[in-house]
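Notes follow the structure.
Both backbone and side-chain heavy atoms feed into the values below; hydrogens, waters and symmetry mates do not. Chain letters run A, B, ... following the sequence lines, proteins first, then strands; residues in each count from 1. On a predicted model such as this, the values are computed, not experimentally measured, just so you know.
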Amino acid sequence: MAGFKTAALPREGLSGAFLSALATAVVVLVLTIPTVGLKTDESGGSLIVTRHFDTVAWLVGLAFVGRLVMSLFMARRAVKPGEQKKAGPSAMDRFAAAVARNGTKIGAVGLVIAVLLPFVTSNYLIDFGTNVLIYVMLGWGLNIVVGLAGLLDLGYVAFYAVGAYTVALLATNVGLGFWACLPLAGLFAAAFGVVLGFPVLRLRGDYLAIVTLGFGEIIRLVLLNWQNVTNGPNGIGGIPRPTLFGLPFAAHSATGPTFAEFFGLEFSPSQRFIFLYFVILALALLTNFFTIRMRRLPVGRAWEALREDEIACRAIGINATNIKLSAFAIGAMFAGFAGSFFATRLGFISPESFTFTESATILAIVVLGGMGSQLGVVLAAIMLVSLNEAGRWFSFLGDIALYRPLIYGGAMVVIMLVRPRGLLAHRQPSILLHGSDGPKESLVPNDGLAASTGELP
Amino acid sequence: MTRILDVSGLHTYYGRIQALKGVDVVVDKGEIVTLIGANGAGKSTLLMTICGKPRATAGKIIYDGQDITHMETFQIVRQGIAQSPEGRRIFSRMTVLENLQMGATTGNPADFDGDLERVYTLFPRLKQRQTQRSGTMSGGEQQMLAIGRALMSRPRLLLLDEPSLGLAPLVVKQIFEVIKEINEQQGVTVFLVEQNAYHALKLAHRGYVMKTGSITMSGTGKELLASSEVRSAYLEGGH
């Protein structure tokens, strides 16, 4: 709980702990009166307000006691004068570094679990896994733009939408199947990535974020208002499901054998769930494999260098324009792939699925995971999708689903307090020497040159 | 000797403020030429204008017989000009080896191992630290890395912007010895911008003095060191 040090006791001793607990209780009171204490219900065409001040009182009491206990606990653990404080990285940092070092092994174990999952669990968990994998893929795609190239993109969902609508329009108007649409969706999204990239070449940081945010909204508004083509807010339905080399996952098919008939199996709807799960798993792994390869290639290293220092990049002969555009295009391409999967999975899409909240969620996955960390994205995606589902899991606690945004936000605040640079923020160098297991950060004391022997006259 | 860089009548503006007011500088192949001057004289602006950012509003920059005044920065660098920019600008979250790799971006991959060895011979410290995150190194080591990174592109002309900035005197001495080595043993022409006038003039074959955007004096390093104007303006009280 290293991060909580910032909120350490304002004063020594019991009175200090009491005061800070009181302050926490006041903050919770102010926050919970509108969010928990008042609830609006519709009744006969008018809104009536129900008050839940008893819950507010419980929460305030809980916060007070919790803060008090925490303060006392920390005071007991605090360093006493004369005692040496242990230096070095915290347990969490060491854990993150260990995870990063053993990334390949952990990734392999995770992959085995991911492959076996659909055979041992229920339809619900497979669906949950599919949801997680969509966000993992989007996170990995955005990681190229934000994590590697350092271009803060708040409109990433636009490319996801472009991919989804490409499939929906081509499938319903031209009659192409999912697999024919998939590469086209990637291509279209990449083209939009370049279209966005050009005007924002000179922008960085906050300015870039605002323009990309606007771009995301433009795409959504076009989809919403271009009725003749996109069918506006009513969306597009009847998008065909993917087939396995022409074998559809259905009970019957007029055009040939279905998957179940071909393999002599009993038809079951879960076959389609499992198939969809493996499609998105394959797409996500493609994204991951591609990113890992790119990091070792000159263009991938140039992305990282661009994030570090654009002027220095130009000074060593890198064409920053091309590098930026390639990051936008490739990141967008993977969003396009994910979008096409999204469309074919649900069979129906509408602009509602591509709001700013989605962009924010994807960005949150990248940031919470630790910018540039592939494993971190997986971890963060599992966490955020779980938080989304938590309302369903804990439904025995009453209408907890109503508090989902509150839990969601609270969890994010806690993660950022505990791990301000993301869950697994630990950059692995793209090249290692033989016999070396990672960067020797701060192992060599920063003694400067004067301490070196034999090199100076 | 043949001319490698010929800057003539160069004017550069930052908005409405004129930073260079008709600068003429020439550098011959194999030379070390230094440009000294006070803060804000326009020294760094000249180096940056040679690299195409900011753009010159008037005047010409000829490199190796070719007009590079209006080229893109990355294309200028690809002609064989490398810069170790002011403030070093290394990629601090990347390792030393990765930084050197970035420097070789424009080069031939087949040359990489040999070039890396050359840089490590010049700066043995960098070899010791090659897997270290470069931002965690000392200022001197970071400066070595900035020069090493520039050398990885096999430049024919090396532009150095204040390599002694913020470094301890012993380290400055070592850096200047390496610059001499780069010039004499590897035949790289060096254009050095410095505030540390004494060291720079002692090292350089020729020097220019810049004052508020114009060249006010030029001559051999020895001549300038001996000149009373240079002594009173840039050296007295220093060394």
Side-chain angles (χ1 to χ4, degrees), chain A residues 147-148 150 202 295-324 371-372 421 425-457, chain B residues 48 51-53 72-79 81-85 87-99 101-107 109 123-125 128-141 144 146 149-150 152-153 159 167-168 170-171 173-175 177:
Chain A
L148 294 183
R202 290 159 166 274
R295 269 200 66 199
R296 294 190 169 88
L297 293 177
V299 63
R301 273 201 305 273
W303 287 339
E304 284 197 80
L306 194 71
R307 177 191 68 198
E308 300 284 297
D309 195 321
E310 191 174 333
I311 292 173
C313 269
R314 290 179 198 275
I316 56 176
I318 289 174
N319 184 346
T321 308
N322 287 354
I323 295 298
K324 267 190 191 181
M371 301 259 245
R421 287 172 57 216
H426 186 88
R427 182 182 176 273
Q428 280 290 98
S430 61
I431 39 167
L432 290 176
L433 299 168
H434 297 294
S436 151
D437 59 349
K440 293 185 203 128
E441 274 170 48
S442 17
L443 291 182
V444 192
N446 243 350
D447 51 3
L449 276 162
S452 71
T453 47
E455 279 173 45
L456 291 173
Chain B
M48 284 156 66
C51 284
K53 202 154 193 169
E72 286 288 326
T73 302
F74 73 91
Q75 280 167 338
I76 293 172
V77 174
R78 286 174 188 194
Q79 307 302 312
I81 300 180
Q83 187 180 173
S84 157
R88 300 162 203 145
R89 290 190 175 269
I90 55 167
F91 304 119
S92 56
R93 273 193 285 180
M94 297 167 92
T95 65
V96 169
L97 187 55
E98 283 173 320
N99 266 275
Q101 244 182 343
M102 291 310 304
T105 300
T106 58
F123 302 111
R125 288 294 282 203
Q128 291 170 24
R129 308 253 156 150
Q130 57 182 340
T131 57
Q132 192 176 333
R133 221 167 72 163
S134 58
T136 63
M137 298 197 301
S138 74
E141 288 162 339
M144 291 176 182
R149 185 179 66 185
M152 287 301 286
S153 66
L159 308 177
L167 301 184
L170 263 180
V171 185
K173 203 172 164 190
Q174 199 193 9
I175 296 268
E177 271 166 19

message = If you compare all heavy atoms of B:Q130 against all heavy atoms of B:T95, which two are closest, and at what distance to 0.1 Å?
response = O-CB, 3.7 Å
query = If you tally heavy-atom pairs under 4.5 Å against chain A, which of B:K53, B:M102, B:Q83 wins?
reply = B:M102
ask   = Do you know which of A:A305, A:A315, A:C313, A:A320 has the most heavy-atom pairs with chain B at a distance under 4.5 angstrom?
value = A:A305
key: Side chain to side chain, B:T131 and B:L97, heavy atoms closer than 4.5 Å   = no
ask   = Is it the backbone or the side chain of B:S92 that comes under 4.5 Å from a heavy atom of chain A, or both, or neither?
value = both
key: Sidechain-backbone polar pair: A:R307 side chain, A:G147 backbone, donor-acceptor under 3.5 Å   = yes
query = Cationic tip of A:R301 within the cone over B:F91's six-membered ring, i.e. under 6.0 Å and within 45° of the normal?
reply = no
